[in-house]
Amino acid sequence: MAVVLGVCMAGCYRVSDTFPPNRVYTVRLERAFRQPFEPQRQAELRKLMTDLFGGPDQPRVPAEVRSLGLFNDEWLAAAAGPVGSDKGGRSKGLFREHCAVCHGVSGDGVGPVAFVLKPYPRDFRRGLFKFKATPKGAKPTHEDLRRIIETGIPGTGMPSYRVLPAWEIDALAQYVTYLSVRGEVERGLIDYAAGELRPDQPIVDEDATDEEQATQRRVISDLVSTVARSWRQSESLVTPVRPPKSGRDRNASIARGRELFLGDVANCVKCHGPSALGDGQTTDYDDWAKEIDPTDSIALAEYCRSGALGPRPIQPRNLRLGIYHGGGRPEDLYRRIHNGIDGTPMPAALIKAPNSPPSTKGLTEDDIWCLVDYISSLPGTSETNSSP
Amino acid sequence: MANRQSAVVAQHDRMSPWPFRLAVMLSCVTFPLISIGGLVTSYDAGMAVPDWPNTYGYNLLLYPYTTWLFGPWDLFLEHGHRLLGVLAGLFAMGLVAVTYRVDSRRPARIATVAALVAVTAQGGLGGARVLLDDRQLAMLHGCVGPAFFAYCVALASCLSPKWQSLVPKLLGAHSDRKMLLDQKLRRFTLLLALLFYVQLVLGAQLRHIPVTAGPWLFNMSLLLHLTNAVLLTLSVTVLGLSLRRGRVEPELRPVVSAMAVLLCIQLVLGVTTWVVKYGWPYWFAQSLFAASFTVHAKSMTQTGIATLHMAVGSLILAAAVLTHVQTRQLLRAQLRNAPRQTTPGMVK
């Protein structure tokens, strides 16, 4: 009996040839436009996506992306597909071996283990990442993704993969990019179909004239190029970090940092609390949760039925522990405060020119260094001596 | 009656120790076999050798040992696991051969043949797991392993001349009250062994969770695994207390104590396995030890602890099965003795 059961279960959990569609986002647009996605539209989307990007076993790179040189076929082949290794002992199926239990085969962040983790594993399909050297709205660099995979994120479920050879980490970082590009294109297509087309109108009409079909295909190809270019650009968008003025007085800098932290321009106190324990604003949500309308219980029920994980409020970091998820070097902290944390409520600093009049609202680069100094001075000190 | 009894004693005194020795050796090979099997899972090395029964086209036994010993780690594990499997098969064959020569009891013969069939089937299952490259089959293979190990241990106990000779010596010390207790104990230990096995299957489900499964499957298995852990801890505590109060045959003391000690270790290992795999639960997020803890995937600590958790689980299962089998043996001895007091309540 156990054998029969086992064989039956074996059938149920095979990884299919196509990636599962983004149901949750479809539901979101169905709700927004008050119009259901017809089954044939869902089928068409799935087919279009498979034509463009292939499936979990055979990833494909659309021509528009290929020309940008974003992907290396050898890495892609090693990261995708079922787990195993070839005769030379080189591993295959890296993503499914290491990441899919948490991040899901399609990178939707709903792997089997996802629910028990807080924070939830990242949904890669929005192309939205927290810890990177680039500003909010920009994509992470390859190096940013590598760093996360290599060091992991302390205090969360995200493991460090330091034991893997460097090329495997490269391959995995690139596969994360692949899943993101794919996910963003899928979202773009869902947006386009819901917003621009009649419910029964196909995205690419096989019956239309060649000319019309070419126009329709150009929409898709433009979408793919836009997404791929945003990834290509990231390297050039890295926020520069100019070292602080030499010979500054550290104590004065810390004092100024504290003033800024508590003041209403930087207003760090709003979320991180007066004693920086992360106990200020604790009822807000991150962008992934906001997408499923966390405060609307009826909508939420529908999202959860289509596979979303229930939203949980995001906690601002307790800065007195001195543990940082995006790296603890001064330049990491500088970038984090300068750029904010994408996908979370933590805002980018409002920057003003160094010699603008004092009445202008905003922070200078020096102010940010003062904040860095203040924050670095917090771990190990008692809470009381910095309360106002 | 007295004649029959002395005949029994005589028969056991003459019993050849060889079936027992082979069964013990089989158990001793099976334990590392399933532990390395667990490591194979930890390192996802199951597919390190993609063919079966050959290893990269070589006959299993002729695969160049230098490549095996000095090649990639996952190949070392997988091929080693297969070689140990072959060894277990050989011991099982030896066991059958010897038992047929020296032991005329039918149940003993059948039991050893069953062991041989089981080890062969398990090897086939392992092969199917590789050829079909399937995680659920891997899980099934992983669940049969510990059951087979427990079976071998129980078999060794049944073939043990020492236990067999112990049994007739017990015949004098018999009372109805005790027999009743032992009957309860037999049912209780059977339930315990079954629950331990369920616990192992749930643990395997957690480890082999298919990547396409929805979170509900993992959540449910986890919940059951934890609830069952509490249940088992309580049961073993009850058993331990009864032993201390003298309600359980003192002959069972070693195995029950071993089970209790192993269970304590197992609880610690279980918590540790979780932490090294998924980090501290969020309740501890405000403590430095939890906030600064980074999970290190595939590290020695992670794989070592997960495998230990599994290996100790198999040992506990074997201990539980052994407790049950020995309880049965004690009970059987008492029953054999029972006809002497045909009227209940008659003072012996």
Side-chain angles (χ1 to χ4, degrees), chain A residues 2-3 5-16 20 82-89 91-93 96-102 104-105 110-119 151-164 277-278 307 309 315 317-318 321-323 379, chain B residues 43-50 56-57 71-75 121 125 128-129 132-141 143-144 201 206 209-219 221-222 274 277-282 284-288 290-300 302:
Chain A
V3 177
L5 200 74
V7 173
C8 291
M9 289 199 53
C12 303
Y13 290 115
R14 287 216 159 272
V15 176
S16 94
V83 182
S85 56
D86 61 19
K87 204 167 170 169
S91 315
K92 293 186 303 189
R96 235 176 273 173
E97 175 174 354
H98 300 297
C99 322
V101 277
C102 291
V105 173
V110 194
V113 178
F115 185 77
V116 295
L117 302 176
K118 182 171 177 180
T151 61
I153 306 181
T156 77
M158 175 65 200
S160 151
Y161 287 88
R162 194 157 283 148
V163 291
L164 299 186
L277 287 167
L309 298 171
Q315 305 300 317
R317 193 85 64 250
N318 175 352
L321 293 175
I323 303 296
Chain B
Y43 282 99
D44 266 298
M47 294 306 294
V49 184
Y56 285 116
W73 171 236
D74 54 355
L75 183 125
L125 204 55
R129 179 256 176 277
L132 302 178
D133 182 14
D134 191 293
R135 281 197 158 217
Q136 284 304 107
L137 273 185
M139 176 186 151
L140 192 65
H141 181 63
C143 289
V144 175
V201 172
L206 290 175
I209 192 85
V211 291
T212 50
W216 66 270
L217 185 64
F218 188 86
N219 297 350
S221 314
L222 181 63
W274 182 270
K277 210 143 162 61
Y278 303 119
W280 288 93
Y282 198 76
F284 302 104
Q286 294 301 319
S287 316
L288 189 58
S292 60
F293 182 81
T294 308
V295 177
H296 281 272
K298 315 277 152 166
S299 61
M300 279 306 230
Q302 195 188 62

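Numbers restart at 1 for each chain; the letters A, B, ... are given by sequence-line order, proteins then strands.
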Can you say whether A:I153 sits under 4.5 Å from chain B via the side chain, the backbone, both, or neither, judging by heavy atoms? backbone
Applying a strict 4.5 Å limit to non-hydrogen atoms, the region of A:T156 in contact with chain B is backbone
Apply side-chain contact (heavy atoms from CB on, under 4.5 Å) to the pair B:M139 and B:V201, showing each step before the final yes or no. CA-CA 8 Å; B:M139 176 186 151; B:V201 172; 3.9 Å; yes
Sort A:L321 into side chain, backbone, both or neither according to what part of it lies under 4.5 angstrom from a heavy atom of chain B. both
Are any non-hydrogen side-chain atoms of B:Y278 and A:V113 less than 4.5 angstrom apart? yes
A:V163 versus chain B, the contacting section by heavy-atom distance below 4.5 Å: side chain
Side chains of B:L217 and B:P210, heavy atoms from C-beta outward: is any pair under 4.5 Å? yes
Hey, is CZ on A:F115 packed in by over 12 heavy atoms from elsewhere, all under 6.0 Å? no
Portion of B:A290 that has a non-hydrogen atom of chain A nearer than 4.5 angstrom: backbone
Interchain contact, B:A285 with chain A, by part (heavy-atom threshold 4.5 Å): backbone
Nearest 0.5 Å, please: how far is OG1 in A:T151 from NE2 in B:H296? 9.0 Å
For chain B, the option from A:G155, A:S160, A:P159 that forms the most heavy-atom pairs under 4.5 Å: A:S160
Side chain, backbone, both or neither: which part of A:A100 has a heavy atom under 4.5 Å from chain B? both
So do the side chains of A:K92 and A:V83 get within less than 4.5 Å of each other, counting heavy atoms only? no
Given that the side chain runs from C-beta out, which part of B:L222 has a heavy atom under 4.5 Å from chain A: side chain, backbone, both or neither? side chain
Between A:M158 and B:T294, is any pair of side-chain heavy atoms under 4.5 Å apart? no
